[in-house]
Amino acid sequence: MRAVVLALTVALVVPEFALDKTYVYKYEALLLGGLPHEGLARAGIKVNSKVLLSAVTENTFLMKLMDPLLHEYAGIWPKDPFVPATKLTSALAAQLQIPIKFEYANGVVGKVFAPAGVSPTVMNLQRGILNILQLNLKKTQNIYELQEAGVQGVCRTHYVINEDPKANHIIVTKSKDLSHCQEKIIKDIGLAYTERCAECTERDKSLIETATYNYIMKPAAAGVLIAEATVEEVHQFSPLNEIHGAAMMEAKQTLAFVEIEKTPVVPIKADYLARGSLQYEFATEILQTPIQLMKISDAPAQIIEILKHLVANNVAMVHDDAPLKFVQLIQLLRFATLENIEAIWAQFKDKPVYRRWLLDALPAVGTPVIVKLLKEKFLAGELTIPEFIQALVVALQMVTADLETIQLTASLALHEKIATIPALREVVMLGYGSMIAKHCVAVPTCPAELLGPIHEIAAEAISKNDIPEITLALKVLGNAGHPASLKPIMKLLPGLRTAATSLPLRIQVDAILALRNIAKKEPKLVQPVDLQLVLDRALHPEVRMVACIVLFETKPSVALISSLAGALKLETNMHVASFAYSHIKSLTRITAPDMAAVAGAANVAIKLMSPKLDRLSLRFCRALQLDFYHTPLMVGAAGSAYMINDAATILPRAVVAKARAYLAGAAADVLEIGVRTEGLQEALLQSPAADESVDRITKIKRTLRALANWKALPTNQPLASAYIKLFGQEVAFVNVDKTVIEEAIPIVTGPKPRELLKAALKALQEGIALQYAKPLLMAEVRRILPTAIGVPMELSLYTAAVAVASVNVQATITPPLPEEIETMTLEQLKKTDVQLQAEARPSVALQTFAVMGVNTALIQAAVMAKGKIRTIAPGKVAARADILKGNYKVEALPVEVPEHIVISSFETLAVVRNIEDPTAERIVPLVPELSLQNSQTSYSSEMPPEAPVRAAAPFHKTLCLAVPYIEIKGCIEVHSHNAAFIRNDPLFYIIGQHSARASVARAEGPAVERLELEVQVGPRAAERLLKQISLIDEETPEGKAFLLKLREILETEDKNVRVSSESSSSSRIISSSSSSSMSSSRMTEVRTWDTATVMEPFRKFHKDRYMAPHGASKAVSSGSTASSFEKIQKQAKFLGNAVPPVFAVIARAVRVDHKLLGYQLAAYFDKPNARVQLVVSSIAENDNLKICADGAVLSKHKVTARVAWGPECQQYAVIAKAEAGVLGEFPAARLEVEWERLPIIVTTYAKKLSKHIPMAAFKAGFKLERVSNADKEIELTAALPSQRSLNVIARIPEMTLSRMDIPLPIAVPINPDGTLSIQIDEDILSWIQKHIKEE
């Protein structure tokens, strides 16, 4: 019976507003942003008003607000009160109280009407109230789901209708999932080139949006009366992951019935215009940045004021707030008209500094007005080509891609003046394709007619066989990525019953690459085409491999990848097989969520392919993909590299590298760089170097000869090309052909470089004073979406930077250079003395803002993360080059340093401000310091939920480090206060206040006048040494006494180390025994051989014959090497006693007390014995610390060196020997390192490292043998069984490692007798000399 009554009641659930009555409601709306924890700051707004509803006709109603009052909030929630925004309310009262009309039938709001005097912002507030009245009630169901229109768009809505018989109420609950909307009202800025990673947000989400509506209805005569309606809407966002804490925007609405009046609502005397529907209407918030609220009364005057401020305050050093002022300038330019900007340009275009600031700011404005302005000024000759290209590249990426701007860009691309400048036309055309791509992201139903001009250009170029024009058209179509371009592109694909096979290879490759952006939208259309290209063995291998790259970017299914793997089992081209196998294998290790299905498919497919392909050397084509993805934080990065080789030449045909990033459920191809040598390859293939019957060394020689004869190369094709992509869009490419080389050589060798050199030298002698400033809007990423109350909320990220450099350079050249510099001889240059003094003060200021909150032209209320960095790095140097005397000196001179060279800060704030009362701006730290926090969330089992949690005291620490000798002290001061006391998650560690400052100042002690680095070459080197260098003679009484004293010190040190090691080892016995089972089980995984493998002995090459006798042992070899080197050393232990130094280097600090501090290096050369000796010594008094390096070439196959250091080079020593010989019958090389004594820290860490060697060797494929090798010796032997394989044997204390037949990526040109099988052709050297003479 109750079900019948409920069914009858449901049939009557239709909100009623009688014609002769006015319904009065009390309305309250609240919108707050912050973290969902009490005791932290929040920001928001509140609206209070009476709402009068009156019917005009059966389906037309009037709504009027009475006594509206706006409140603003920025304080600690919930203890701080809302503050009335009196001035703002007064300014908007007239608009707010204007009645509006709306259509309303069966609970559904239709069209909305209002006079022109009602602004879009106020209109949206009215829509927020009407949104409550939107009720799609069905007469036959009480639980159902539908797509319902509302302020935020058409979204999934779930209804539940219940009856409360006791209270005689009908309760309607409506919930909306704002993440699943058929038509969502949203505005994204700066996100056009990002991809939504749906798989990244399947389990963890960064943005959650939901709304719940509760209605209490009372039965009425003709339907029901809405007695009370409450709305709760939540937008939860975290850049990491919502489970680790998230910021929240919470909207609440209450509409409560008060009374019924007889007085009707009367419309004002004005035309009521159609103002759309219930859906939100975007106003000026698109042009309004959320980080500041500016009252724009006179845009041109305000632009000039800020421009003058930027120019005046960023000369010698960057101003603290320069980035913020630069953003203000951009915002004002967005509100300015074309006439305003033209007037400002006319005023400042002849002032270089102002001109540069304008040209840096205008492209970042991002409005069609700027593109039009740049076009007009360039065509009028007011912009140079470099200025126009720089500005246009940025402007086309920043501008809103609407139909007007696209048509404007198309007209610019087709302009006859642009057509005469190839580089400029390429920039415009590529930008045109990017704009179409951006427009199609905003309007998925974008028409194919937008690409009509490009399709016409491509068709005309194909008919004329205009290869450069076809290339450009393909790149534009690739940027646009429109599915309608698939058919024109397929006409240029080989093997698809087209004439494309006759086109150059690079056109075929470009056509395949043009499918990449199309494949992201329509992978099913591209996959069959790509698979057919990969499997067509009649095609060029490079075409097939490029098609393979595109195929895997379409994220193919397991069936498709398995089909490819099965077909490649019969592949005859090893380059294609190697490329595909390495690509599939690298995909098996991918961890990014969007590639998880592909990784699984690759794991299946790799089992179908031959494992022999994994052993191919690197000379075959390879693909590599690496990535990292951290699911809890939803961040990741991926990199891929592709190398396409050619067996006929030494150069790779193509190399491509790409970087991809993941953040907060989005992904983007950040950067891609590609280089191709297709034309050069084809030219080389036509040369004798392509003869497959000759060996690789002959191919290399012929290749070098072909490169030298570049004038004989063809002119109708590029020799090489390169491109760069940013966020999946190609922004620039270059083709290098014979014509480019011919044009470049005169530029480099002609008179212009000489004139530039002459002008530069003249300017240096006169003195150069330069001030330069460069601003940059590095990031502007915004998402604007409406809330239930009709006020927009925004998630945005802004980053701006300004760099300023002040440089002063003065040069003195003695004697003065001749007027004709090219007539200057080498002898004249040798007699020149050049002195240079330079001072520079580079400084950079960077500011970043991350905002979540309300952003309108009238009021802003948001939580904001604000980061600032300012660096200043002054420097002053003096340099002198006296070529005649061989003296070169560089000095670092004292310079005035600011108190802090680096200042950085990060803080999270709650901010509220309104346009009518800018002085009343309130800023509250998100985390208050040293206050009681009543957190609702407690994770301690010992603490009751209601217990107050005291905020942790701020962390403050200062670290200082003094640099000895130069008396400079560096300090870092760190301050931090976060909200981790509430919750131990990353987001709570981030929010708060953090700062760091770095300073450099003089330390205590004598001041340093300057730092010097001096190099003296030639016979005067000995004169420049500040302290006489001598080495102690061990045979003298003084030498014996010194060695005896040093030995006593070292023995005492060894005893102390032994005692400490014994105590530490005894403390480790228990832990060692407890972990013995674990270590034994781990060691079973490592292959060891207790019996040594029989290895051929290493035999050295003899001085006079092919090799030493087979019976020569290693001991004899090593002993003879050591004895011969010792014999040379005994002749003269210190070469400085017999020969002067070849050169000397002195590095010192010059102090006011004239105390010598620093080091000097002297180099000596004993030519008869081919011996070199380097001695580094301290120039300080009573400091006998030295480093001695002594080496000799004992034969053409043998080199020995000894490095010793410590007092008089007697404390530590290492001997290294390198020689060539044979191992068995294979050419080999051996390196031996012996040590007499090493520092304790080195031996300690070496022992720790040796414990990990067995496992590392096993993973690297080495065989390990436990043998008793020398305790203080490491030996590494490498042999070449063939020119493409390597045997390696390493002997270290207690073990020997070996691995045989290691494949090499390239052939090593060494013959069995140790000679090189390659020679540099003399024709190349003679060509270089001849060409220089010709020029």
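Given the structure is predicted, the values throughout are model-derived calculations rather than measurements.
- Remark: Gln837 CD to Lys876 NZ distance equals 5.0 Å, nearest 0.5 Å.
- The aromatic rings of Tyr1212 and Trp1205 are tilted relative to each other, their planes meeting at an angle between 30° and 60°.
- With sequence neighbours excluded, no residue forms a ring pair (Phe, Tyr, Trp, His ring centres under 6.0 Å) with Trp1235.
- For the side-chain hydrogen bond (donor to acceptor under 3.5 Å, both in side chains) test, no residue two or more places apart in sequence or in another chain qualifies with Asn808.
- The ring pair (Phe, Tyr, Trp, His ring centres under 6.0 Å) check on Tyr1164 picks up Phe1134, with sequence neighbours excluded.
- By the side-chain hydrogen bond (donor to acceptor under 3.5 Å, both in side chains) test, Asn1169 pairs with Gln1131, Asp1166, sequence neighbours left out.
- Partners of Ala1180 by side-chain contact (heavy atoms from CB on, under 4.5 Å), not counting sequence neighbours, listed by chain and number: Leu1157, Ser1178, Asp1183.
- Residues that satisfy the side-chain contact (heavy atoms from CB on, under 4.5 Å) test with Ala980, not counting sequence neighbours, are Asn978, Tyr989.
- Shown here are the side-chain contact (heavy atoms from CB on, under 4.5 Å) partners of Lys774, two or more places apart in sequence or in another chain: Asp360, Gln390, Tyr772.
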Hey, can you pull the donor-acceptor pairs under 3.5 Å for the side chains in residues 895-907, sequence neighbours left out?
residue, atom, partner, partner atom, Å
Ser904, OG, Ala996, O, 3.2

**Report entry** Steps toward ring pair (Phe, Tyr, Trp, His ring centres under 6.0 Å) verdict (His994, His977)
**Finding:** CA-CA 6 Å; His994 314 276; His977 177 62; 8.6 Å; no
Using a 3.5 Å cut-off and no angle test, enumerate the donor-acceptor pairs between side-chain atoms of residues 1017-1026 and protein atoms at least two apart in sequence or in another chain.
residue, atom, partner, partner atom, Å
Arg1024, NE, Glu1014, OE2, 2.8
Arg1024, NH2, Glu1014, OE1, 3.4
Arg1024, NH2, Glu1014, OE2, 2.7

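- For the atom pair OG (Ser806) and CD (Gln771), the distance works out to 4.5 Å, reported to the nearest 0.5 Å.
- Legend: residues meeting side-chain hydrogen bond (donor to acceptor under 3.5 Å, both in side chains) with Asp1190, ordered by chain and number and at least two apart, are Gln1129, Arg1171, Gln1173.
- Applying the side-chain contact (heavy atoms from CB on, under 4.5 Å) criterion to Asn1269, with sequence neighbours excluded, gives Val1267, Arg1291, Thr1296.
- Look at Asp1153 and Arg1151 and you find a salt bridge, because one of the NZ, NE, NH1 or NH2 atoms lies within 4.0 Å of a carboxylate O, short of that distance.
- The minimum heavy-atom distance linking Pro1293 with Glu1273 is given by the pair CD-O, 3.5 Å.
- Partners of Thr871 according to the side-chain hydrogen bond (donor to acceptor under 3.5 Å, both in side chains) rule, which considers only residues two or more places apart in sequence or in another chain, do not exist here.
- Arg1010 and Glu1012 are joined by a salt bridge, as a carboxylate oxygen and a charged side-chain nitrogen come within less than 4.0 angstrom of each other.
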Query raised in the report: Can Val844 and Val318 be said to form a side-chain contact (heavy atoms from CB on, under 4.5 Å), step by step?
Result: CA-CA 6 Å; Val844 177; Val318 69; 5.7 Å; no
